[in-house]
Amino acid sequence: MDPLYSKYPIVIENTLTGKKEAFIPVSDGSVGMYVCGPTVYSDVHLGNARTFTSYDFMFRYFRHLGYQVRYVRNITDAGHLENDAEEGEDKIAKKARMEQLEPMEIVQRYTVDFHKVMEKLNALPPSIEPTATGHIVEQIQMIKTILEKGWAYQSNGSVYFDVENYNLKGGDYGVLSGRKLEELQAGTRVLDGQEEKRNPADFALWKKASPAHIMRWPSPWSDGFPGWHLECSAMSTKYLGEQFDIHGGGMDLKFPHHECEIAQNVASSGHKGAQYWLHTNMLTLNGKRMSKSTGNTILPNELFTGENPLLVKGFNPSTVRFFMMQAHYSSILDFSNDALMAAEKGHDKLLGAIETLKNLQPSKTSTFHIHDWVDRCYTALSDNFNSPILISHLFEAVKFINSSTDSTIGLTKDDLQLLIDKMNSFAFDILGLREQESSDAHKEALNKAMDLVIELRAKARENKDWDTADIIRKQLTDAGIQLKDGAEGTSYTL
RNA sequence: GGUUCCGUGGCCGAGUGGCUAGGCAAUGGUCUGCAAAACCAUGUACAGCGGUUCGAAUCCGCUCGGAACCUCCA
């Protein structure tokens, strides 16, 4: 049988070309995907969470279609320069001194925090999660190659990429971001240490460490540390090859980070690296950019607990994920308490219908064009990962499920099974939603207790003792349990 | 200031030359002891002003507003 990806070929918006293009992997049937991961020097930002959730969704979809996927997402633990200056200090080293901790202690703490947040959001671990500090050797090797080919120069123990020379010899620094080299030079601020460079647009491949700099490694040029952009070139090449399929990251990385990556790749191997570049869009909070200084900011964990003045309550991570999936990854998404509240209702309605679906019985004929529906769902997903359209189709099925009567759905046995399978695939395997987790033992105990309460209340209702019946319902509602009196008896939801 | 992008009904959010996206909220109805849930019905929205076109929310121009990048940032 043909794999699903040949039935529903993917089209991707390639930000390198600005066009939607048919996705044709370098190697048939497999996908190599590299995503720029977080810098682990502080709590993971909510925007990071959105970006990595978007790529997790794509990862899941590729796998679902039958591709063999290698998903590489790095951890930047070597720190980046705070500015381009000679005495520029590594962010991680700075924070370490402030808190009197070893740099790797900071790295460890925030890496663990990052993993916890992503786990809550039900993001699968990447296939490989390499660290910058673990690949100093590869980075030094790449610098050597670039130097040998004449695309870089040494200056005072540091090594810089020669952007002007690169473009004179046919390089196209600026392809990704649409920037012109002349404009870049004109717009560059005068910073300390610029005199080391031949051109303000040049960027560091290796920086000589100042005596105070804690994170440092020996190299042929100086004791120092790798430049801002090198780790991604080195690690993507190592794990995915000189030519691979997808490179992703947030919009904000487009320039200069990804622009420099392409230049480094071309300089060292003659290839651009990824064929398809993807950029996820930013997040705003109540219509404004997030900013710690104005208090317009929320941490992922605060979103889950509700411990933030901008939130009325906490939201479960699956709701947050659903909220993110309701918007396209390439659009700016605005977070607000109201928007989350609305998403929560929709999320619960969707999962509720999937729960209902389990208990429905098939009928002789089908009244829902299930194959057509499945087709439309896949078509939406394959059209540049359009999760909002998929969700709108899912709600079509929700309406159909909920309008089923007498415990019977208008689907034949096979069609019903198909609907169950696909709803599960789309909602859980691909969108990555999940039921509120509670232990089975817990659930069973609650079910038994609820059966008892419902039975007692049913007796009261038989006797038309409405006061008792209403008190029970009211108290349960206050406790967060909603009773629903239906034709077939009473059920409850949390 | 430069580069790029966006502005959709009460809110969130798809679409992007002619055909109902969807969710939430609201109103009416069905059901119910009453609720809740669910279902049915109801909104002729596309920042403003011009232009192109048989036809524009969708293309072009200007104006206003917002965002990202130009310095580490998903």
Side-chain angles (χ1 to χ4, degrees), chain A residues 15 18 35-39 41-42 44-55 73 76 79-85 88 90-91 94 174 176-180 183-184 186-189 191 201 228 248-257 259 279-284 287-290 322-323 325-336 338-350 352-353 356 380 383 386-396 398-405 461 464-466 469-470 473-474 477 482-487 490-493:
Chain A
T15 45
V35 172
C36 291
T39 303
Y41 63 81
S42 64
V44 60
H45 182 96
L46 190 58
N48 285 256
R50 151 102 123 158
T51 292
F52 301 132
T53 302
S54 296
Y55 289 111
R73 186 185 65 205
T76 296
H80 284 160
L81 286 173
E82 285 209 313
N83 56 41
D84 208 2
D90 184 303
K91 269 191 172 176
K94 186 179 182 188
L176 223 208
S177 54
R179 284 175 162 80
K180 301 270 178 292
E183 289 165 2
L184 283 172
T188 307
R189 273 201 332 208
L191 294 165
W228 321 351
M251 277 292 230
D252 49 349
L253 293 183
K254 210 168 175 183
F255 187 89
H257 186 60
E259 195 72 61
H279 289 94
T280 53
N281 218 134
M282 302 291 106
L283 212 61
T284 54
K288 297 282 170 198
R289 63 176 298 186
M290 283 203 211
F322 176 80
F323 174 67
M325 290 292 123
Q326 267 191 311
H328 190 84
Y329 75 85
S330 65
S331 301
I332 293 174
L333 175 62
D334 187 42
F335 257 75
S336 68
D338 288 353
L340 261 317
M341 296 284 275
E344 185 173 57
K345 291 246 174 106
H347 170 267
D348 293 351
K349 185 173 172 181
L350 174 60
T356 304
D383 181 11
N386 201 323
S387 54
I389 294 291
L390 170 71
I391 290 173
S392 78
H393 294 331
L394 257 31
F395 275 101
E396 246 178 78
V398 166
K399 199 172 255 192
F400 174 66
I401 292 164
N402 285 338
S403 58
S404 298
T405 49
R461 292 177 73 208
K464 299 211 189 293
D465 180 2
W466 308 126
D470 288 351
R473 186 172 59 199
K474 172 79 167 59
T477 303
Q482 188 65 248
L483 286 185
K484 290 186 260 189
D485 295 333
T490 302
S491 61
Y492 74 94
T493 51

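By convention in this document, chain letters (A, B, ...) are assigned in the order of the sequence lines, proteins followed by strands, and residues within each chain are numbered from 1. Note that the structure is a prediction, hence the values are computed from the model and not measured. As a basis for the values below, the full set of heavy atoms in this structure was taken, side chains included, without hydrogen atoms, waters or symmetry mates.
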Problem set entry | Nucleotide paired to B:U16 in any strand shown, Watson-Crick or G-U, under 3.5 Å | none
For this session: Could you check how far CZ of A:Phe335 sits from C1' of B:G13, rounded to whole Å?
Result: 14 Å
Exercise. How many Å lie between CG on A:Asn402 and C1' on B:A36, as a whole number?
Worked result: 14 Å
Problem set entry | Set of residues satisfying side-chain contact (heavy atoms from CB on, under 4.5 Å) with respect to A:Asn386, sequence neighbours excluded | A:His328, A:Pro388, A:Ile389
Exercise. Is there a Watson-Crick or G-U wobble partner for B:C24 with both distances under 3.5 Å, and if so, which one is it?
Worked result: B:G10
Exercise. Less than 3.5 Å between a donor and an acceptor, one on the side chain of A:Arg473 and one on the base of B:A35, is that the case here?
Worked result: yes
Exercise. Base, sugar-phosphate, or nothing: which does A:Gly248 touch, judged by heavy atoms less than 4.0 Å apart?
Worked result: nothing
Problem set entry | Given RNA chain B, 5'-ward residue of the pair A:His45 and A:Ala339, judged by closest heavy atom | A:Ala339
For this session: Please check if any side-chain donor atom of A:Asp334 sits under 3.5 Å from a side-chain acceptor atom of A:Thr284, or the reverse.
Result: yes
For this session: To the nearest Å, give me how far apart CZ (A:Phe255) and C1' (B:C5) are.
Result: 17 Å
Problem set entry | Value in whole Å for how far the C1' atom of B:U16 lies from CG of A:Asp383 | 12 Å
Exercise. Does A:Arg179 get its side chain close enough to the base of B:C69, under 3.5 Å, for a donor-acceptor pair?
Worked result: yes
Exercise. Does B:U52 have a Watson-Crick or wobble mate here (both distances under 3.5 Å), and if so which one?
Worked result: none
Problem set entry | Rounded interatomic separation in angstrom, taking CD1 from A:Ile401 and P from B:C39 | 10 Å
For this session: Just call it for A:Leu283: base, sugar-phosphate, or nothing, with non-hydrogen atoms closer than 4.0 Å on any strand.
Result: base
For this session: For A:Phe323, report the nucleic acid contact type (base, sugar-phosphate, nothing); a contact means any heavy atom under 4.0 Å.
Result: sugar-phosphate
Exercise. Out of B:C73, B:A68, B:C34, which has the shortest distance to the side chain of A:His257?
Worked result: B:C73
Exercise. Using a cut-off of 4.0 Å on non-hydrogen atoms, how would the nucleic acid contact of A:Gly249 be classed: base, sugar-phosphate, or nothing?
Worked result: sugar-phosphate
For this session: Assign A:Asn386 to base, sugar-phosphate, or nothing according to its heavy-atom contacts below 4.0 angstrom with the strands shown.
Result: sugar-phosphate
Exercise. If you measure from the P atom in B:U44 to the same atom in B:A35, how many Å do you get, rounded?
Worked result: 30 Å
Problem set entry | Spacing between A:Met251 atom CE and B:A68 atom P, to the nearest angstrom | 11 Å
Exercise. Nearest to the side chain of A:His328 - B:A74, B:G13, B:A14?
Worked result: B:A14
Exercise. Do A:Arg179 and A:Phe255 meet the cation-pi criteria used here (NZ or CZ under 6.0 Å from the six-membered ring centre, within 45° of the axis)?
Worked result: yes
N/O-N/O pairs, protein side and nucleotides 6-8 of chain B side, under 3.5 Å:
none

Exercise. What nucleic acid atoms does A:Ser177 come within less than 4.0 Å of, heavy atoms only: base, sugar-phosphate, or nothing?
Worked result: sugar-phosphate
Problem set entry | A:Asn48 side chain near B:A74 phosphate (N/O to OP1/OP2, under 4.0 Å) | yes
For this session: Answer with base, sugar-phosphate or nothing: what part of the nucleic acid does A:Ser336 contact at a heavy-atom distance below 4.0 Å?
Result: nothing
For this session: Would you kindly give the CZ-to-C1' distance between A:Arg289 and B:A74, to the nearest whole Å?
Result: 13 Å
Exercise. Across all strands, who's sitting opposite B:A37 as a Watson-Crick or G-U wobble pair, both distances under 3.5 Å?
Worked result: none
For this session: Please give the nucleotide sitting opposite B:G43 as a Watson-Crick or G-U wobble pair, both distances under 3.5 Å, or none.
Result: none
Problem set entry | A:Ser387 side-chain N/O to A:Met325 backbone N/O, donor-acceptor pair under 3.5 Å | yes
Seminar exercise, completed: Whole-Å distance, A:Glu259 CD to B:U4 P, equals 13 Å
Could you run down the sub-3.5 Å N/O contacts of the protein with nucleotides 20-29 of chain B?
| residue | atom | partner | partner atom | Å |
| --- | --- | --- | --- | --- |
| B:A25 | OP1 | A:Lys345 | NZ | 2.7 |

Problem set entry | Assigned partner base of B:C5, Watson-Crick or wobble definition, under 3.5 Å | B:G66
Exercise. Can you tell me how far C1' in B:C39 sits from the matching atom in B:G50, rounded to whole Å?
Worked result: 47 Å
